[in-house]
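Structure first, commentary second.
Both backbone and side-chain heavy atoms feed into the values below; hydrogens, waters and symmetry mates do not. Chain A is the first sequence line, chain B the second, and so forth, proteins listed ahead of strands; every chain is numbered from 1.
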Amino acid sequence: MDAAAPGRALMEVEDLARVYTMGGTALRALDGVGVAIGHGEFVAVMGPSGSGKSTFMNLLGLLDQPTRGRYRLDGEDVAGLGADARATMRNRKLGFVFQSFNLLPRATAVENVALPLVYAGVPRGERRRRAAAVLETLGLGARLDHTPLELSGGQQQRVAIARALVNEPGAILADEPTGALDSRTGLEIMALFQALHARGITLVVVTHDPEIAAFATRVLTFRDGRLVEDRRQVPRNAAAALAARPEAAA
Amino acid sequence: MSPLDAFAGALDSLRANALRSALTMLGIFIGVAAVIAMVAVGSGARETVLAQIRALGANLIVVVPGNVTVGGVRLGSGARASLTQDDALALEREIDAVEAAAPTSRGQVQVVAGGVNWSSWLLGVTPSFFVARDWEIALGRGLEAEDYDRGAQVVLLGETVARTLFDEIDPIGETIRLRNVPFRVVGVLARKGQTTGGQDQDDVVVAPLRAAQQRVLGVNRANARAVGSITVRVRDGEDTAQAEEQIRALLRQRHRLTAAQEDDFLLRNLADIAATRDASSRTMSWLLAAIATVSLLVGGIGIMNIMLVSVTERTREIGLRLAVGARRRDILMQFLIEAATLSALGGVAGAALGFAAARALTRIAGWPTLVSPEAILLAVGVSAGVGIVFGYYPARRAAALDPIEALRHA
């Protein structure tokens with residue numbers, strides 16, 4: 001992935017704030033957050049709803065612009081970028097995974113995965129080849145031309161993860177990636193994330209579920225728009241947890 | 001995102017809502033079809049008129065006696081027999097551009113053959129007439145030099161007259177009476193059909209000028225050489241307008257008109273008549289353009305409406321596209337191309353229907369129609385343009401969406 005100098009952070013924010021103004025009252029969704037996420041980290045972002053974790057995620061993902069503060073992504077100052085420049089940065093540096101998958105319903109798995117490459121200007125033939133290759137590494141080689149309706153929830157989320165990976169981003173940002181899945185499939189997805197982490201991919205996962213956060217190497221906890229805890233931990237092994245489940249034998 | 005990708009995407013999304021897409025196209029479809037069909041009928045009719053005028057001869061100028069003012073009294077056209085056979089001879093001899101100048105006299109006569117009585121037109125002509133007008137002989141022979149010189153009482157019958165008087169009988173050699181004067185039929189003219197004004201060109205009897213004037217129509221007392229009109233044929237390749245000026249100058253000189261006096265003759269050019277017809281068909285074209293504008297406007301509003309619905313329905317898709325790296329202009333282009341494709345497809349289908357309707361009108365009703373490739377190109381181009389114009393607002397709305405809001409959209 002990114003060949004950055006060791007120790008230099010992939011994502012570094014300082015005094016980051018996001019204030020929404022609604023009907024004259026200012027809502028401080030995020031208020032003076034500073035944190036650095038290094039290459040290859042697996043970070044869980046936790047907190048109750050309204051804590052600012054989603055706002056933090058949107059700012060990290062360049063989907064939103066901070067009201068105040070600095071943000072360096074891969075050494076580049078991106079806090080002041082316009083909408084189109086942010087779109088290009090998202091395309092090149094970041095991959096997104098959503099709770100509800102957000103696949104195009106009429107497009108096949110390959111077409112869905114190839115979507116970021118469309119906006120990266122990759123020629124059609126190469127798009128398909130690269131998308132198919134990523135799907136194969138995620139065990140979906142037999143489902144290339146299936147539409148989302150023909151896939152299970154876990155398969156759909158794996159297609160979405162393949163889409164996040166296809167343009168070889170520096171980091172994957174996942175917003176409640178297991179929220180729409182049953183617990184077993186959720187575990188499978190976390191096992192996949194851990195496998196990606198083992199390959200050196202940086203992951204930031206927003207979750208309200210401590211069980212999910214346990215698979216990360218670092219947990220950031222938010223409350224009332226502030227970062228209240230930054231804890232490193234030894235992760236639980238999702239693959240082992242999956243194997244230990246009684247129905248796994250069946 | 002390349003335009004080709006956007007176009008492929010547009011086709012996919014139109015196909016996904018095939019019925020809705022088809023219904024949306026209907027406005028443009030019907031508008032374009034109607035315009036193509038009506039333009040086809042209009043230009044077909046115009047082409048027919050032009051073809052008839054061409055057949056008549058666009059290089060034909062008819063000189064008729066004009067207004068004269070005698071002692072302060074303005075007399076009507078033809079009040080004085082101002083044109084003579086000598087004028088015709090002079091035109092033919094002195095103006096190079098004139099191929100033939102045929103003096104003719106014309107009058108309505110009662111034609112009787114056997115028991116049948118028919119009112120028709122007698123045309124007294126000289127040999128120049130058959131140079132000026134390409135009238136052909138269908139039966140028998142034409143008028144010959146001897147007929148003209150002797151003032152022989154022989155006639156050629158127009159097809160209508162021949163049919164009315166003789167029906168199935170061969171008229172050649174038969175005798176007819178024109179105002180009770182006997183003439184022998186020597187030939188029948190080929191059928192020429194109606195003029196654009198609806199006159200039957202075959203309801204005519206042609207005789208040598210001398211016999212016609214002396215025996216039937218009567219000779220002008222003031223001037224025995226006077227004729228009713230002169231038909232001038234301009235040589236191929238010569239400029240008709242220029243020839244007209246030369247004719248006018250020569251006739252003024254021959255009639256000894258001073259600079260202050262008006263022409264005592266009128267020049268009528270068939271090209272002018274064609275121009276008049278052209279002008280009236282232009283009015284028709286404006287009317288068609290107005291209908292086209294209204295129907296395209298209505299169709300365009302339909303497209304705008306459905307594109308707004310589509311943008312709302314696909315808010316999440318737009319959010320996702322923005323998240324994975326689509327720029328504003330990518331989204332704008334995607335929806336503009338979709339609207340233009342929708343509209344242009346309607347235009348193409350409408351042009352096809354219009355073309356088919358024109359063909360059907362020709363086959364069933366026998367109307368002449370003409371579908372020009374330009375009209376089809378224009379219709380399709382304009383309808384794509386309508387798509388872009390009316391698709392712009394919805395596309396702008398799509399492109400202006402906030403990715404976070406869009407992704408959250410239910």
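For the residue pair B/Ala326 and A/Ala87, the shortest heavy atom distance occurs at O-CB, 3.4 Å. Residues B/Arg321 and A/Leu104 share a closest heavy-atom pair of NH2-CD1, 3.6 Å. A/Leu115 approaches B/Leu320 most closely through the heavy-atom pair CD2-CD2, 3.9 Å.
In this structure, the portion of A/Arg124 lying under 4.5 Å from any heavy atom of chain B is its side chain and not its backbone. Proximity to chain B is absent for every atom of A/Arg92, based on heavy atoms less than 4.5 angstrom apart. There is no contact between B/Arg15 and chain A, counting heavy-atom distances below 4.5 Å.
Of the N and O atoms on the side chains of A/Arg106 and B/Ser13, not one donor lies less than 3.5 Å from an acceptor on the other residue.
Around the CZ atom of B/Arg396, the shell of radius 6.0 Å holds no more than 12 heavy atoms that belong to other residues, nucleotides or ligands. Environment of CG in A/Asp209: crowded, with over 12 heavy atoms of neighbouring residues, nucleotides or ligands closer than 6.0 Å. No more than 12 heavy-atom neighbours from other residues, nucleotides or ligands sit within 6.0 angstrom of CZ on B/Arg359. In the displayed structure, A/Arg223 atom CZ is contacted under 6.0 Å by at most 12 heavy atoms of other residues, nucleotides or ligands.
Side-chain atoms of A/Arg90 come within 3.5 Å of backbone N or O of B/Leu322 as a donor-acceptor pair.
How far OG of A/Ser100 is from CZ of B/Arg408: 12.0 Å, rounded to the nearest 0.5 Å. B/Ile404 contributes atom CD1, which lies 5.5 Å from atom CG of A/Leu63 (distance to the nearest 0.5 angstrom).
Side-chain contact check for A/Tyr119 versus B/Val324: some heavy-atom pair is nearer than 4.5 Å.
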**Request:** Just do the side-chain contact (heavy atoms from CB on, under 4.5 Å) check on B/Asp5 and A/Arg127 with the steps written out, would you?
**Result:** CA-CA 12 Å; B/Asp5 284 327; A/Arg127 288 204 302 255; 3.0 Å; yes
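When each of A/Val118, A/Thr88, A/Val122, A/Asn167 is scored by its heavy-atom pairs under 4.5 Å with chain B, the top score falls to A/Val118. Of the residues considered (A/Leu62, A/Asp64, A/Leu94), A/Asp64 shows the highest number of contacts with chain B, using heavy-atom pairs under 4.5 Å.
Within the structure, the salt bridge (Lys or Arg N to Asp or Glu O under 4.0 Å) test picks out the following pairs touching residues 324-351 of chain B (sequence neighbours left out): A/Asp84-B/Arg329, B/Arg314-B/Glu338, B/Arg327-B/Asp330.
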